[in-house]
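Please read the structure below before turning to the comments.
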Amino acid sequence: MSLKRLWARLACALVGLACPAFAGAMQHAFLVQNSGWMEPFYADSASQLKPLVAAVANAVTDGSDEVVIQAFNQRTPTNPSPVTLYQGRGAGNAQAALAPLGVALKAPGGAMADTDFKEAVVSTITGPFKAQPGIVWIFTNNRNSPNNDAQTTERNREFYRLVHLEPSIARTLAFPLRMPVQGKHYRATGLMVYALAYGEPAAQHLQALVEQGRLARVFTAAPARLKPLDQDGLRVVPREVRNSADVQASLAADGRTLVFDIEAAALAPRIGLRAGFENLFFPYEIVNAEVRADMVAAGGARLPLQVAPARLSGLAPGAATEVELQLPVPVAQVPSPWSAAAISAMGKRVLVPATVEVSLAGQQLRISEGFRQSLSELFPGDPLSEVFLPPEGLKASTAHIPVLLRIQYPLLPVVVVVGGLLALVLGLAALALLAGRSARYDVTVDGFKRTVALKAFGSLELRDPEGNRAGSIKRGLGAPSVVEVAEGHSITIGKR
């Protein structure tokens, strides 16, 4: 199948990204280059290529993940590529699957095979992945050399476009590793590992692997982020609240969420914060960018957030620059001390979530000099290192930083409410007790005296000695009173 037809199949497969992702599992493909340029990684007995692939496969996959391990170079009529070495759930015995792998030949007894990265990636997505989300791991000496001729430059550009500009590849990480090896024909200094996430679910899964530290089990250095370069390029590191001693700022355990502990009595419309903007775009320096920011409340309301200075320049990857922030407090989202949420907290904290949205406009990125030098040492004279150049059209990014306001409410409203409820309960109990008891009273009807018993809130109809209706009396909590007297009769209530 031609590359054009393969690429057309990949374009059609984008429709598949609308389908539900694997629930609780992910697809992983481990593509191990075995073209001629990789000869020293197979010939050198001290090579750590195969142990590395097995270690990564075991670190990033679970037993429920669909895993395929493939060797790739460049397909010819007599040399298929990629070739499946293992396929199943979980990594299985990756080391055993890789053990017999050696350098591929274009034809039996012929020259060593060339390399085509894009062909391998597209074949994996349209083949084992069935156009569903998954992560493609590529282990390579960073030489993309199809047909070993002038097409190399164009194929490098194709891989660059695949990594940076193809929408279906949602996240790309790279791990340059020092691995000196010596073969019969070639020698190499470094090995590159790429992780390409096909589809947004795979991108989220890949990011979770980084945040959970699973990649750190194998790789000692942080990954280089090739994509996305328009998201989450900054972290806000709080240092000091300027305008209130009763407000404390910190970072949550996830290293991203801004947490503000606030006494309800000290709640102000704004929080003055001295903080650091940290560049998370490793390995890129933020050469220049204009900063704009908003506080977004849980209900979606946007409140302008003031930043000073409002421009970044020369910010190296991992470095931080000091800024002053005036963060608006979403007062409308903060419960009243007399609200059900505050009272039910019983004097503890009430949590109010929000988001700080920081945008970098006119963003200019470039590879940091230290990283560039490291690449040149690991892959001397390698044009594929240009894959690290940021796309020219990428001029903006947005970072969404979770915020949590922890409002400490006083106990007074709780005491008042609980006390009121207790008084009400006691009052009702006393009322019920009084209502259930009868009291005796002397009543005189037409001059004839008699004694009656009457409960609280009860009423009684009175008759004269001949049995004629004389009137009625009614009692509240105290003594009864006459409410009606029939014509020609008299009723008086005496004290008993």
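In this structure, Leu31 CG and Thr140 OG1 are separated by 10.5 Å, a value rounded to the nearest 0.5 Å. From Asn73, atom CG reaches atom OG of Ser81 across 4.0 Å, with rounding to the nearest 0.5 Å. Atom NZ of Lys227 and atom CG of Leu173 lie 12.0 Å apart (nearest 0.5 Å). The distance from the CG atom of Leu360 to the CG atom of Leu234 is 4.5 Å, given to the nearest 0.5 Å. One distance of note links CD1 of Ile135 with CZ of Arg171; it measures 10.0 Å at 0.5 Å rounding.
Among all heavy-atom pairs drawn from Thr189 and Glu377, the shortest one is CG2-O, 3.7 Å. Here the shortest heavy-atom pairing between Gln182 and Pro40 reads C-CB, 3.9 Å. Across all their heavy atoms, Asn79 and Ala113 have their closest contact at ND2-CB, 4.0 Å. Across every non-hydrogen atom of Pro201 and Pro133, the tightest pair is CG-CG, 4.1 Å.
Remark: side-chain polar atoms of Tyr284 are paired, donor with acceptor, to backbone N or O of Phe388 under 3.5 angstrom. Listed for the Thr78 side chain is a donor-acceptor partner under 3.5 Å among the backbone atoms of Lys106. Checked by atom type and distance alone, the side chain of Asn279 pairs as donor or acceptor with a backbone atom of Leu315 at under 3.5 Å. Put simply, the side chain of Asn34 gets close to the backbone of Gly102: a donor and an acceptor are under 3.5 Å apart. Using a distance-only test at 3.5 Å, with no hydrogens or angles considered, no donor-acceptor pair links the side chain of Glu290 to the main chain of Gln363. Looking at Glu200, its side chain never comes within 3.5 Å of a backbone N or O of Ala197 through a donor-acceptor pair. Distance alone, capped at 3.5 Å, places no donor-acceptor pair between the Asp65 side chain and the Val67 backbone. The backbone N or O of Ser168 sits less than 3.5 Å from a side-chain atom of Glu166, completing a donor-acceptor pair. A donor-acceptor distance shorter than 3.5 angstrom exists from the side chain of Glu119 to the backbone of Arg75, with no hydrogens or angles considered. A donor-acceptor contact shorter than 3.5 Å is absent between the side chain of Asp62 and the backbone of Ser64.
At least one side-chain heavy atom of Val60 sits less than 4.5 Å from a side-chain heavy atom of Trp137. Counting heavy atoms from C-beta on, the side chains of Val329 and Pro269 never come closer than 4.5 Å. Considering only heavy atoms from C-beta on, Ser35 stays 4.5 Å or farther from Asp114 through its side chain. With contacts defined as side-chain heavy-atom distances shorter than 4.5 Å, the pair Met192/Phe379 qualifies. Side-chain atoms of Phe117 and Leu162, non-hydrogen and from C-beta on, never get closer than 4.5 Å to each other. Looking only at side-chain heavy atoms (C-beta outward), Pro309 and Val323 come within less than 4.5 Å of each other. Using a 4.5 Å cut-off on side-chain heavy atoms (C-beta onward), Leu280 and Arg225 make contact. Looking at Val356 and Leu327, their side chains come closer than 4.5 Å, going by heavy atoms from C-beta outward.
Under the side-chain contact (heavy atoms from CB on, under 4.5 Å) criterion, Gln326 pairs with Arg270, Gln306, not counting sequence neighbours. For the ring pair (Phe, Tyr, Trp, His ring centres under 6.0 Å) test, residues two or more places apart in sequence or in another chain that qualify with Tyr194 are Phe159.
Taking the six-membered ring where tryptophan is involved, the planes of His164 and Tyr160 are tilted, since the angle between them lies from 30° to 60°. Using the six-membered ring where Trp is involved, Phe371 and Phe282 have ring planes that are perpendicular, over 60° apart on the 30 and 60° scheme.
The salt bridge (Lys or Arg N to Asp or Glu O under 4.0 Å) pairs that include a residue from residues 354-367 are Glu285-Arg366, Arg302-Glu357, where partners are two or more places apart or lie in different chains. The list of salt bridge (Lys or Arg N to Asp or Glu O under 4.0 Å) pairs with a residue in residues 39-49, not counting sequence neighbours, is empty. Within the structure, the ring pair (Phe, Tyr, Trp, His ring centres under 6.0 Å) test picks out the following pairs touching residues 210-234 (sequence neighbours left out): Phe175-Phe219.
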### Task
Show the numbers, then the answer: is there a side-chain contact (heavy atoms from CB on, under 4.5 Å) between Phe277 and Leu325?
CA-CA 10 Å; Phe277 273 176; Leu325 306 177; 4.1 Å; yes

### Task
Determine, stepwise, if the pair Glu322 / Arg274 fulfils salt bridge (charged side-chain N to carboxylate O under 4.0 Å, His left out).
CA-CA 7 Å; Glu322 187 168 299; Arg274 183 174 67 89; 2.9 Å; yes

#### Entry: Verdict with reasoning, Leu405 to Leu351, per side-chain contact (heavy atoms from CB on, under 4.5 Å)
CA-CA 6 Å; Leu405 304 177; Leu351 306 181; over 6 Å; no

### Message
With side-chain contact (heavy atoms from CB on, under 4.5 Å) as the criterion, how do Val307 and Leu305 come out once you've worked through the C-alpha distance, each side chain's angles and the decisive distance to 0.1 Å?
### Response
CA-CA 7 Å; Val307 183; Leu305 189 158; 3.7 Å; yes

### Task
Given side-chain contact (heavy atoms from CB on, under 4.5 Å), test Val358 with Ile401 step by step and report yes or no.
CA-CA 8 Å; Val358 182; Ile401 300 162; 4.0 Å; yes

What side-chain donor-acceptor pairs closer than 3.5 Å can you find for residues 46-56, not counting sequence neighbours?
residue : atom : partner : partner atom : Å
Ser47   : OG   : Phe41   : O            : 2.7
Ser47   : OG   : Leu49   : N            : 3.3
Gln48   : NE2  : Ala46   : O            : 3.4
Lys50   : NZ   : Leu98   : O            : 3.3
Lys50   : NZ   : Ala99   : O            : 2.9
Lys50   : NZ   : Leu101  : O            : 2.8

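Judged by distance alone, the side chains of Glu211 and Gln207 do bring a donor and an acceptor atom under 3.5 Å apart. Side-chain contact, Gln231 with Ser397: no donor N or O sits under 3.5 Å from an acceptor N or O. Side-chain N/O atoms of Ser374 and Arg178 include no donor and acceptor closer than 3.5 Å.
With salt bridges taken as basic N to acidic carboxylate O contacts below 4.0 Å, one links Arg242 and Glu324.
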